[in-house]
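Notes to accompany the following structure.
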Amino acid sequence: MRLTTQSPDGTQAFGQRLGALLAVGDLVLLRGTMGAGKTTLTQGIAWGAGVTGYAHSPTFVLVNEYRGRLPLYHLDLYRFAGDDAVQSLGEVEDLAIDEMLEEGACVVEWAERAAPVFAGDHLEIALAEGAADDERLLVLTAHGERPVRLLSDLANSGGTS
Ligand code: ADP
Ligand code: MG
């Protein structure tokens with residue numbers, strides 16, 4: 001599934017549709033450079049999951065937990081890169097994402113920085129800047145059975161394809 005959005009609001013609105021469909025155990029991995037719109041999308045996902053308030057990227061902690069219709073865990077692995085990569089991997093493993101997924105859904109920014117940790121089922125969303133300033137291209141790929149169903153429900157939940 002691919003779509004373009006023309007504004008931060010558009011990206012949030014799409015995130016909201018996804019958030020409304022999330023269930024316990026769903027893992028969403030967001031790829032894309034700084035400013036691509038990962039956090040903006042996550043805000044929409046959080047609203048769609050029934051979280052009130054604003055989702056900020058977890059800068060000082062690695063994980064923010066929001067309470068909505070279900071617990072939503074928001075991770076940002078930006079600081080995991082470079083020389084400490086191996087040690088970082090251990091740190092990400094220590095986060096026990098499997099345990100989070102037993103309780104709720106999980107959205108991860110910069111998941112590619114700890115790729116081996118995320119070998120299991122997930123919905124991948126790659127974000128990139130478009131031709132115009134406020135345009136973003138979103139490409140969604142399902143890895144696993146449940147993500148395939150989630151993606152098809154998402155495609156059916158709105159006019160965009
Ligand atoms: P990331 O988390 O990927 O680094 P952010 O969501 O924090 O990105 O920032 C995206 C920036 O791009 C914000 O300043 C936002 O206002 C801007 N922006 C402009 N157009 C869009 C769009 N269509 N979708 C998302 N963000 C957009
Ligand atoms: Mg971010």
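The model shown is predicted, which means the values in this text are computed figures rather than measured ones. Remember, it's 1-based here, ligands and their atoms both numbered in the order they're listed. When reading the values below, keep in mind they use all heavy atoms of this one structure, side chains included, and skip hydrogens, waters and symmetry mates.
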Any idea which of D133, L138, D134 brings a heavy atom closest to atom 23 (N) of ligand 1? D134

Is there a side chain to side chain contact (heavy atoms under 4.5 Å, CB included) between M100 and V63 once you walk through the steps? CA-CA 10 Å; M100 293 179 204; V63 188; 3.9 Å; yes

What atom name does the N, O or S atom of E109 nearest to the Mg ion (ligand 2) carry? OE1

With the threshold set at under 4.0 angstrom, would you say G10 reaches ligand 1 through any of its heavy atoms? no

Tell me which pairs pass salt bridge (Lys or Arg N to Asp or Glu O under 4.0 Å) where either residue lies in residues 42-52, with sequence neighbours left out. none

Would you find a donor on one side and an acceptor on the other, under 3.5 Å apart, between the side chain of K38 and the backbone of L29? no

Would one find an N or O of T5, backbone or side chain, under 3.5 Å from an N or O of ligand 1? yes

Using a 4.0 Å cutoff against the non-hydrogen atoms of T39, which atoms of ligand 1 qualify? 1 (P), 2 (O), 6 (O), 7 (O)

Quick look: T40 vs ligand 1, heavy-atom contacts under 4.0 Å, and the answer is both

Show every donor-acceptor pair shorter than 3.5 Å between a side-chain atom in residues 136-149 and any protein atom, with sequence neighbours excluded, or say none if there are none.
| residue | atom | partner | partner atom | Å |
| --- | --- | --- | --- | --- |
| R136 | NE | A36 | O | 3.0 |
| R136 | NH1 | D133 | O | 3.0 |
| R136 | NH2 | G35 | O | 3.2 |
| H143 | NE2 | E124 | OE1 | 2.9 |
| R146 | NE | D26 | OD1 | 2.8 |
| R146 | NE | D26 | OD2 | 3.4 |
| R146 | NH2 | L21 | O | 3.3 |
| R146 | NH2 | D26 | OD2 | 2.6 |

Residue pair L41, T5: steps toward the side chain to side chain contact (heavy atoms under 4.5 Å, CB included) verdict: CA-CA 11 Å; L41 180 66; T5 65; over 6 Å; no

Walk me through it: do F118 and I97 pass the test side chain to side chain contact (heavy atoms under 4.5 Å, CB included)? CA-CA 9 Å; F118 300 108; I97 288 153; 3.5 Å; yes

Any T40 side-chain heavy atom under 4.5 Å of Q12 side chain: yes

Would G35 count as a polar contact of ligand 1, with the cut-off being nitrogen or oxygen pairs under 3.5 Å? yes

Examine ligand 1 and decide if any of its atoms is less than 4.0 Å from a heavy atom belonging to T33. yes

Looking at non-hydrogen atoms alone, which of G32, P8, G37 comes nearest to atom 16 (O) of ligand 1? P8

Near the Mg ion (ligand 2), is there an N/O/S atom from T39 that is less than 2.8 Å away? yes

